[in-house]
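Reading through the structure tokens given below for one structure.
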Amino acid sequence: MNLRKYASKDVYKFLRKAYITAFIGAVLTRVLLPIAILETQTVNTLVFSAVAIFGASIVCFDFFTQRIFLKQKNVVWLMLFLAACAISSVINARFGVLGNVRNLVWLAISFFLLYPVDAELSRTEVKKEIKYVSNILILVWFVACTASLAMFFLQFGCYVDVLPDSFTRLGFVEGRLFGIFEDPNYAASVAIVVIIFLIFNIKTSKNVALKAFYGLNIAVNFCYITLSGSRTAELAAAVTAVLGLYFVLLKRFETVNIRLNRALKQIALIVISLTCGLSVFLSVNITRKGLAYLPQFVGTPFEQASISDARLKKHVNMNRDDVVNSTDVSNCRFKIWESALELFLSAPIFGTSPRNMRVYAKELFPNGFIAQRAYAVHNAYLDVFTSTGVVGAVFLIVFFVKYLIFVFKHLFLAPADENYYIVLISFAIVVAVAVSAFFLSEIFFVNTINVLTFWLSMGYSGYFAKAEAKNW
């Protein structure tokens, strides 16, 4: 019996690692344009279908062997949310079925495969998995961001036809660096996660050459963030820096004899942390202005792209066209959110269902902004309210509140050892993605790199916080 148990553990550990690798590979075929423009929609659908079937099979394997996901802290609230999604899908079945079935499968994979971490695994084994995931993202984003920065320095920018009636941007276009990424907002938000991993690697690595590479990698990712023009990434980086620095200084203050009462210490911590957050915005702006002078020393801009004719060539201009030449500071997000709120009010209990929102909008609110433009909500939390109603939203709110209470308790009370900083790093990634989700479609109902890092990091932080709780 024990032999079968250990065999199933090893198989599950291998399958989980294989799924993480397959998922990252599948997502990269969408977000990296050199691959995406060569891949047909049919092939892309087949790739993601295969990955979904693989992930669902692992969840089933776990259910019939160890049932690790049932032992995860607060997973019952995720189950209830999944049930709310299923009920919403049944209620709104006349608008579509297959899309919601796929959505339920992907949610189940996030909740029952990515989030759960086997409590019986040793800390060393879990650290190895974190290293594995982080090293893949660090390497891929270093190469992709370096290639993108080269496009900026060469002032290479063009539109690439992907369908007869649609195109995408490549390189430095419209005052921002798309590079080889499909969407600079998502690419910049992942760059923040990569930087967090790199900071932790610098802290834990003893190899000088590796530390130098990690430092260079931080600079490359930071430069991409500044040139991407992503205001979402800037805000996420600032908030993450504030929280991260606060807890780092909190532990440092505990080991240093500073003659201040508790209230004054907290005020000092908050002021220093907020100043750091402000410095993120300042450093981004200063770096962006400085980088604008570099292309002139590299060479003449490209007149024509190798993939398709460059219908628009821009010299260095760091002002985003869609911001400078628009009176809408939100870049249409306020209109989208207003339209989404209208949909929510029409079905406040169980919502429109996750994959039927646009069809629902076109049929019942044809004059609404979402119906006419077919936009995503660009706010993960409003998306949850609109798609699953109050019922689904309440289950998620309870889940996240319980998670935050548990993690904050650990961050305030636990001693500052290596495991403490793993919890802090994992929580910082959760915060970075959660802040980005206020302005992007993340965490739920989508398949992105940050969906992977978000749920894995929630699991890692919960695992180490629970493992350390007995020691304090």
Side-chain angles (χ1 to χ4, degrees), residues 138 141-142 145 148-149 152 175-177 184-203 211-212 214-256 258 260 263-294 318-320 323 329 408 411-412 416 420-421 424-440 450 453 457:
I138 285 170
W141 242 248
F142 176 72
C145 288
S148 298
L149 290 175
F152 171 75
R176 62 189 310 196
L177 181 59
N185 289 315
Y186 284 100
S189 66
V190 175
I192 296 172
V193 172
V194 170
I195 288 174
I196 295 171
F197 278 134
L198 287 165
I199 291 172
F200 181 72
N201 283 359
I202 288 175
K203 180 178 174 60
K211 286 190 175 186
Y214 293 147
L216 173 64
N217 209 330
I218 288 175
V220 168
N221 279 274
F222 181 75
C223 286
Y224 180 82
I225 292 171
T226 64
L227 295 173
S228 71
S230 175
R231 295 172 293 178
T232 296
E234 291 177 28
L235 179 61
V239 173
T240 305
V242 169
L243 283 175
L245 184 62
Y246 172 84
F247 284 108
V248 169
L249 292 178
L250 177 68
K251 294 304 170 181
R252 292 292 175 89
F253 273 35
E254 289 178 355
T255 59
V256 178
I258 300 177
L260 291 175
L264 289 177
K265 282 185 180 181
Q266 287 298 323
I267 292 173
L269 286 172
I270 293 171
V271 170
I272 295 171
S273 301
L274 289 175
T275 302
C276 176
L278 179 61
S279 70
V280 170
F281 289 109
L282 294 175
S283 60
V284 166
N285 288 326
I286 293 171
T287 304
R288 184 184 294 127
K289 291 178 180 178
L291 289 173
Y293 291 97
L294 296 183
M318 309 310 293
N319 296 319
R320 282 178 52 178
V323 174
V329 68
F408 274 126
L411 291 175
F412 278 109
Y420 176 90
Y421 286 107
L424 181 57
I425 287 293
S426 300
F427 180 62
I429 292 172
V430 171
V431 170
V433 179
V435 173
S436 298
F438 278 100
F439 308 98
L440 301 174
N450 274 345
T453 58
S457 296

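In this structure, Asn185 CG and Ile225 CD1 are separated by 11.5 Å, a value rounded to the nearest 0.5 Å. Once rounded to the nearest 0.5 Å, the distance linking OG of Ser230 with CZ of Phe439 reads 10.0 Å. Taken to the nearest 0.5 Å, the OH atom of Tyr186 stands 14.0 Å off from the OG atom of Ser228. The CZ atom of Phe197 sits 13.0 Å away from the CD1 atom of Ile192 when rounded to the nearest 0.5 Å. Here the CD1 atom belonging to Ile138 is positioned 11.0 Å from the CD1 atom belonging to Ile195, to the nearest 0.5 angstrom. Taken to the nearest 0.5 Å, the CD1 atom of Ile199 stands 13.5 Å off from the OH atom of Tyr214.
Under the 3.5 Å distance criterion, the side-chain polar atoms of Lys203 are left unmatched by any main-chain donor or acceptor of Leu198.
Inter-residue side-chain proximity for Leu216 and Phe142 is flagged as met; some heavy-atom pair is nearer than 4.5 Å. You'll find the side chain of Cys276 stays beyond 4.5 Å of the side chain of Tyr246, heavy atoms only. Counting heavy atoms from C-beta on, the side chains of Leu440 and Asn450 never come closer than 4.5 Å. For the pair Phe152 and Cys223, the minimum side-chain heavy-atom distance is 4.5 Å or more. With contacts defined as side-chain heavy-atom distances shorter than 4.5 Å, the pair Leu177/Leu149 qualifies.
Minimum interatomic distance between Val280 and Ala238 (heavy atoms only, all atoms of both residues): CG1-N, 4.0 Å. The minimum heavy-atom distance between Lys251 and Leu411, with the atom names listed, is CE-O, 3.2 Å. Across Ile202 and Gly215, no two heavy atoms sit closer than the pair CD1-N, 4.0 Å. For the pair Leu424 and Gly244, the tightest heavy-atom approach, listed with the atom from each and the gap, is CD2-O, 4.0 Å. Here the shortest heavy-atom pairing between Tyr224 and Ala188 reads CE2-N, 3.9 Å. Taking every heavy atom of both residues into account, Ala428 and Thr240 meet most closely at O-CG2, 3.6 Å.
Leu245 pairs with exactly one of Thr275, Leu269, Leu250, Ile272 by the side chain to side chain contact (heavy atoms under 4.5 Å, CB included) rule, that one being Ile272. Each of Tyr420, Tyr421, Phe408 was checked for a ring pair (Phe, Tyr, Trp, His ring centres under 6.0 Å) with Phe427, and the lone residue meeting it is Phe408.
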